[in-house]
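Down below is the structure, laid out as structure tokens.
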Amino acid sequence: MSTLTTRANDYSQWYNDLILKGGLADHSSVRGCMVIKPYGYALWENMRNQLDRMFKETGHQNAYFPIFIPKSLFEAEEKNAEGFAKECAIVTHYRLKTDPDNKGKLIVDPAAKLEEELIVRPTSEAIIWNTYKGWIQSYRDLPLLINQWANVVRWEMRTRLFLRTAEFLWQEGHTAHATKEEAIEETVKMLDVYATFLEEYMALPVIKGVKTPNERFAGAEDTYCIEAMMQDGKALQAGTSHFLGQNFAKAFDVKFAAKDNTMEYVWATSWGVSTRLIGALVMAHSDDQGLVLPPRIAPLQVVIVPIFNKDAEARQRIDNKAQTLMSELRAKGISVKYDDDDTSRPGWKFAEYELKGVPVRIALGARDIENNQAEVARRDTKEKASYSLDGLTENMAQLLEDIQQNLYNRALQFREENTRKADSWDEFVEMLDDKGGFIAAHWDGTSETEEKIKEMTKATIRCIPLNNEQEEGKCILTGNPSKERVLFARAY
RNA sequence: CGGGAAGUAGCGCAGGCCGGUAGCGCAUCUGGUUUGGGACCAGGGGGUCGCAGGUUCGAAUCCUGUCUUCCCGACCA
């Protein structure tokens with residue numbers, strides 16, 4: 001019987017409790033690395049499968065590149081290398097040997113030093129563009145649309161389960177195009193894919209936008225992003241899509257023969273989302289009773305809990321009905337579990353499945369069978385209602401859709417309520433400290449001002465929203481002229 | 001890398017100041033009664049107290065060193 005920390009009491013602790021007690025992941029004995037447990041991994045698989053489908057529908061293919069990147073390749077694109085240099089794990093040796101001074105222990109064999117160090121990939125542009133050089137000769141080879149599902153390592157100072165771990169799972173798309181326009185189009189297209197996925201499957205509304213130069217991916221010309229709002233009013237960058245220009249093509253000398261027989265550098269994009277999305281999901285929808293998972297990606301959509309009593313015949317009737325119901329639901333493509341485990345009681349199960357965020361719970365007892373009904377509880381609102389057993393399957397399919405929609409609406413409403421305009425510095429600071437959330441404010445467009453605001457308030461420019469309304473105004477800090485508002489927030 | 005906390009049974013913790021050979025709750029196992037919101041009774045099992053030294057007749061406890069993890073900052077998806 002575990003009690004969860006409440007959101008109001010300690011939001012961070014609540015988040016940690018949910019991940020650990022909800023069975024999504026555990027800390028491991030490796031600093032900053034987590035073990036993703038079956039339930040968490042099932043969630044990731046559902047997300048991954050859907051994204052993978054969407055990538056393929058937009059013409060991409062999967063491939064796999066090495067986890068190690070020779071240092072000389074890694075440093076080829078200077079800005080990219082610089083950006084990641086301070087958080088890289090590096091392989092320097094390839095062999096251990098027994099310690100002559102300490103039986104049973106191993107030491108790194110100094111004789112097995114590598115000629116050239118290998119970088120454990122923090123991102124794969126380098127190794128991929130080094131490979132693309134051999135794949136691209138002509139405009140006929142373009143566009144090249146590749147995605148990879150992989151793990152990467154970033155040696156972060158401070159880690160948090162799912163939100164920032166030293167090793168994480170992600171996908172990284174790496175595409176090559178003949179023209180700048182086409183590459184930009186791809187960048188935006190994939191941003192849209194991400195936004196669609198988050199909104200339709202994760203029930204999480206996002207703001208699409210462009211990063212300021214300060215926040216741009218190392219080596220990119222432009223970084224597009226989707227930003228989501230968590231329940232504590234902080235922003236979370238949920239995905240990025242980069243227009244890389246010709247930076248990597250130049251660094252790795254990837255040219256193609258154009259139709260007019262001239263040699264040109266290839267245009268590139270890269271885009272990714274990671275297991276961080278699971279953190280976003282948890283922080284956006286869950287409550288003090290546990291996880292709340294959107295039906296479309298929940299590992300388990302419906303759980304049937306039988307309420308038995310001493311009456312063996314009644315037990316048989318309940319069991320039969322539950323089995324029938326289960327196969328009907330499965331036939332409709334709904335994932336369902338019948339929990340007839342006799343070692344724990346109904347009340348325990350109710351609490352457990354609430355903790356796990358299962359969207360719908362059906363309780364079935366002798367009383368229900370007699371009345372030809374079932375008690376249905378939805379996780380999002382915790383409402384309970386009696387449903388007739390006739391047509392229950394169809395109603396459950398509809399209920400799952402309703403829950404999906406409700407979660408989205410709720411998150412959208414929350415974001416709208418917590419998005420404000422600030423027109424002066426005092427107002428800006430007050431809103432930030434008082435309410436948090438997104439603040440739309442004028443900014444003079446300089447990195448210096450952005451840095452200063454960050455230092456003073458810890459708020460960063462999350463993005464310049466796409467299709468942003470143009471409006472004359474004055475920078476909240478400097479008073480210099482500005483043509484549009486940008487979105488500020490404190491962020492994860 | 002700075003600041004804080006913690007390592008004792010699977011999990012959560014007490015014991016430590018005042019040294020005497022380890023305890024509580026949950027979980028687990030056995031038997032039984034139960035089952036509409038985290039059941040109850042009875043019995044049982046499980047720990048070289050993070051690691052290495054030292055002090056002592058004797059160390060979870062005192063001393064020295066060391067490792068690790070977590071939390072808060074700076075860095076980042």
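Note that the coordinates shown come from a computational prediction; the quantities given were computed from them, not determined experimentally. In what follows, every chain begins at residue 1, and chains take the letters A, B, ... in the order their sequences are listed.
- Between A:Q373 and A:S388 there is no side-chain heavy-atom pair separated by less than 4.5 Å.
- Taking the nucleotide of RNA chain B with the nearest heavy atom to each of A:K382 and A:K310, the more 5' of the two is matched to A:K310.
- An OP1 or OP2 oxygen of B:A39 is reached within less than 4.0 angstrom by a side-chain nitrogen or oxygen of A:R345.
- Look at the P atom in both B:G73 and B:U64: the space between them is 31 Å, to the nearest Å.
- Between A:Y11 and A:W14, the angle of the ring planes lies from 30° to 60°, which puts this pair in the tilted group.
- A heavy-atom distance below 4.0 Å to RNA chain B is reached by these residues of residues 7-19 of chain A, ordered by number: A:S12, A:N16.
- Closest to the side chain of A:M157, from the set B:A74, B:U35, B:A77, is B:A74.
- Heavy atoms of A:F168 sit under 4.0 angstrom from at least one base atom.
- Of the listed nucleotides (B:G37, B:U35, B:G38), B:G37 has the atom at the smallest distance from the side chain of A:F350.
- Annotation: A:K79, atom NZ; neighbour count of heavy atoms from other residues, nucleotides and ligands within 6.0 Å does not exceed 12.
- Across B:A77, B:U35, B:C75, the shortest atom-to-atom separation from the side chain of A:N309 is found for B:U35.
- Checked against a 6.0 Å centroid threshold, the rings of A:W271 and A:F55 count as neighbours.
- Checking B:A77, B:A74, B:U35 against the side-chain heavy atoms of A:S274 singles out B:A77 as nearest.
- Of the residues in residues 363-378 of chain A, those lying under 4.0 Å from RNA chain B by heavy-atom distance are A:A363, A:G365, A:A366, A:R367, A:D368, A:E375.
- Applying the 6.0 Å contact sphere to CD of A:E45 captures more than 12 heavy atoms from other residues, nucleotides or ligands.
- Taking the nucleotide of RNA chain B with the nearest heavy atom to each of A:A491 and A:A351, the more 5' of the two is matched to A:A351.
- Here B:G25 sits opposite B:C11 as a Watson-Crick or G-U wobble pair (both hydrogen-bonding atom distances under 3.5 Å).
- Within the nucleic acid shown, A:E156 comes within 4.0 Å of at least one base atom, counting heavy atoms only.
- Residue A:L236 is classed as having no contact, given no heavy-atom separation below 4.0 Å to the nucleic acid.
- Aromatic ring orientation, A:F252 versus A:F248: parallel (interplanar angle below 30°, classes split at 30° and 60°).
- Ionic pairing of A:R361 and A:E354 is present here: one or more N-O contacts between side-chain nitrogen and carboxylate oxygen are shorter than 4.0 angstrom.
- Applying the Watson-Crick and G-U wobble criteria (two distances, each under 3.5 Å), B:U35 pairs with nothing in any strand.
- Distances shorter than 4.0 Å separate none of the side-chain N or O atoms of A:K349 from OP1 or OP2 on B:G38.
- Classification of the A:F65-A:Y132 ring pair by plane angle, with boundaries at 30° and 60°, yields perpendicular.
- Note on A:K458: only backbone sugar-phosphate atoms sit closer than 4.0 angstrom, heavy atoms only; bases stay farther off.
- Of all nucleotides present, only B:G73 satisfies the Watson-Crick or G-U wobble test against B:C1, with each distance under 3.5 Å.
- Counting any heavy atom pair closer than 4.0 Å across all strands shown, A:R160 reaches no nucleic acid atom.
- Aromatic pair A:F84/A:F217: centroids less than 6.0 angstrom apart.
- Distance check on atom P: B:A60 versus B:G47 gives 16 Å, rounded to whole Å.
- The number of heavy atoms from other shown groups lying within 6.0 Å of CH2 (A:W149) is above 12.
- Using a 4.0 Å heavy-atom cutoff across all strands shown, A:T165 reaches at least one base atom of the nucleic acid.
- Of the candidate nucleotides B:A77, B:G36, B:G38, B:G38 has the atom lying nearest to any side-chain atom of A:W348.
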